[in-house]
Amino acid sequence: MVNYIVKKGNKYWPSKEMKRIAWVTDSKIYKKAEKNPVKFWEELAKEGIDWRKAWSKTYEEKLPYFKWFKGGKLNFCLNVLDRHIGNGHKTALIWVPEATDERTIKLSYKELFDKVNQFANALKKLGVKKHDTVAIYLPLVPELVISMLACARIGAAHTVVFSAFAPDALQARIIDGESKILITADGYFRRGKKIDMLSNANKAIKGTKVNKIIIVKRLNKKMNYRKPYYSFDKEIEKYPHYCMPETMNSEDILFVLYTSGTTGKPKGIVHDTGGYAVQSYYTAKWNFNLNPDDVMWCTADIGWITGHTYAVYGPLLNGATTLLYEGTPDFPNFDRWFKIIEENNVSIFYTAPTALRMLKKYADGFTDKRKFSKLRILGTVGEPIDEETWNWYFKKIGKSRCPIIDTWWQTETGGTLINALPGIGPFVPTISGRSFPGTRHEIVDDNGKKAKKGNLVQLPPFAPGMLHGVLNNHKKYVETYWKRFKKKYDTSDGAIMINNLFRITGRTDDVMKVAGHRIATAEIENAIDKHKQIIESAVVPVPDEVRGEVPVAFVVLKSDKPSEKLEAEIKKHVDNTVGPIARPSKVYFVQDLPKTRSGKIMRRILKNILKHERPEGLMTLINPDCVEEIKMVVG
Ligand code: WTA
């Protein structure tokens with residue numbers, strides 16, 4: 001079996017075999033790109049993407065905004081589908097349903113092309129125009145990919161909402177995006193059970209501008225399609241296999257994806273067409289040494305940025321095969337993912353540390369029976385990976401012969417930004433690596449001075465895939481990313497520099513990573529505060545062996561007495577307003593929450609109490625007495 005790495009000293013490096021096949025092998029590329037990053041990206045953009053019209057200005061910076069490939073024109077969907085149609089029999093997408101007795105679906109580039117074109121025609125007929133926003137609330141089914149690409153074809157922006165979000169969360173996103181059309185499903189399967197989705201969608205559209213709902217049949221429910229409901233299958237059937245792709249400006253919106261910030265209101269992160277195309281194409285190609293004959297499995301749900309860029313756009317722009325799996329890793333047992341990897345010849349496997357910690361705990365026994373002979377590259381994303389989990393991944397799945405690419409990035413950055421490249425290395429546990437060629441990051445202290453440990457910032461010229469603002473909220477955009485360090489993009493992540501490589505330590509704001517999902521403490525607090533018995537609440541993360549972090553809530557009640565019933569009710573209430581991923585693992589009932597004179601809740605003190613540490617900053621509290629009471633409650 002081919003070995004793609006060698007050990008030198010205490011680090012892993014690419015082997016000769018990897019050097020032979022990798023797209024990028026010479027570390028001089030970093031210096032070359034740094035000399036003139038704009039020219040560097042310009043050359044890549046010309047080579048990697050089909051443009052309908054060349055740009056007049058490669059990069060224009062008027063902070064806090066910046067534009068790439070100004071004046072350039074292209075169609076994203078054409079880059080994904082039309083240019084691979086010469087090799088149209090090739091598999092574009094493998095879809096593995098959760099039920100083991102249901103058939104895997106494979107769509108070739110030609111089949112995907114046909115369906116996307118048909119659906120693009122259907123959307124047009126249903127009134128979707130260039131620059132409209134289309135909301136998509138679908139489980140992991142091929143129709144999700146078809147919908148996204150159809151939007152891109154006709155120049156409509158898509159906004160995909162994670163399928164496990166509750167009606168309130170979906171509604172807020174539909175309203176902010178001003179979508180008039182919603183694509184959803186009759187439901188989906190989870191561990192063999194049927195999960196209803198349509199009733200969530202129906203609740204969510206109340207009070208929005210949505211006047212058409214297209215339904216994908218996954219549970220085969222009997223439906224009467226009367227206005228405003230349309231059947232996805234029936235609509236598709238009506239139309240021809242070709243729809244002229246719209247010519248879009250490089251800076252036109254490709255999609256909006258909502259993510260959590262420090263307030264309760266999610267931010268609509270805006271991504272453009274040209275810059276995002278270039279970054280998603282090259283990061284997928286170089287980080288994962290992606291070739292058309294590769295099968296890439298990015299396990300992230302498409303409702304999150306990782307799924308957008310590395311389950312859909314990145315692999316398809318490269319003409320590779322992307323694998324989507326509908327279900328959970330433990331169905332029918334913990335061998336499921338491994339079986340999928342082997343049966344489908346997965347060569348690139350990209351997942352989150354939380355999934356790896358779960359597999360390490362429950363699926364270890366299954367790994368020895370598997371060879372994973374087709375695997376070449378492993379990736380990780382979403383949160384810091386600890387050394388033990390890294391080693392487990394390396395040995396048990398990578399069989400000590402595949403590099404692990406630890407990619408740091410965010411919803412806002414569109415594509416990966418800090419990681420080792422497979423042909424260059426090194427691959428070191430807990431270290432992400434260097435800035436992607438053509439991008440620059442540094443670490444600064446709280447005063448903005450360069451430091452070895454502190455806040456991670458990005459320096460200009462900013463990467464082509466970076467966000468183009470927050471939808472309908474210029475103020476939020478400026479405050480979140482540009483206020484603290486002026487002309488440097490503030491990532492809100494902590495980092496340490498070790499031998500010129502970045503180790504990312506995690507969020508420095510009130511954002512949690514629960515099983516890899518990004519959630520703001522304020523979002524959960526807002527949901528809890530809506531409960532009629534609650535005066536106020538504070539949510540903080542606590543470490544969790546598998547999920548990384550889980551939320552814990554402290555609540556102050558109006559008149560009711562604390563009870564297990566009330567705790568269960570509050571948890572259910574969070575399920576129904578945000579979604580089960582935000583459910584607090586524990587609810588503590590307290591008399592008062594620690595506050596500063598200005599009324600700010602000191603969540604840090606609550607974190608200290610939970611970890612049995614000495615609370616810091618008691619001096620600044622207006623109500624220090626509550627600390628002893630909270631300690632008693634926590635026990
Ligand atoms: C965290 C996910 C450590 C980080 C693509 C960031 C990571 C947040 C890594 C963004 C990594 C992502 N190592 N931490 N390799 N990758 N993060 O928007 O805190 O869901 O700010 O995007 O995930 O989460 P988001």
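Ligands are counted one by one from 1 in listed order, and the atoms in each one are counted from 1 as well.
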Going by the angle between their ring planes, with limits at 30° and 60°, are [X] and [Y] parallel, tilted or perpendicular?
X	Y	result
Y65	Y477	parallel
Y276	F76	tilted
F255	H271	tilted
F436	W41	parallel

message = Taking K487 first and then E61, would you say they form a salt bridge - that is, a charged N and a carboxylate O separated by under 4.0 Å?
response = no
ask   = For G382, is at least one N or O under 3.5 Å away from an N or O on ligand 1?
value = yes
ask   = Do T306 and ligand 1 have an N or O pair less than 3.5 Å apart?
value = no
key: Charged tip of R434 within 45° of Y30 ring normal and under 6.0 Å   = yes
ask   = Does K360 make a cation-pi contact with W392 (under 6.0 Å, within 45 degrees of the axis)?
value = no
key: ligand 1 contact on T407 by region, counting heavy-atom pairs under 4.0 Å   = backbone
Options R507, R503, E383, ranked by nearest heavy atom to atom 13 (N) of ligand 1, top entry = E383
request  = Using heavy-atom distances, let me know which of K513, M512, Q410 sits nearest atom 24 (O) of ligand 1.
outcome  = K513
To the nearest 0.1 Å, how far is [atom] from its closest protein heavy atom, and which atom is that?
atom	result
atom 12 (C) of ligand 1	W409 O, 3.2 Å
atom 21 (O) of ligand 1	D493 OD2, 2.5 Å
atom 18 (O) of ligand 1	T411 OG1, 2.5 Å

key: Numbered atoms and elements of ligand 1 in range of P384, under 4.0 angstrom, heavy atoms   = 3 (C), 13 (N), 14 (N)
request  = Run the numbers for me: atoms of ligand 1, each under 4.0 Å from some heavy atom of V381, listed by number.
outcome  = 5 (C)
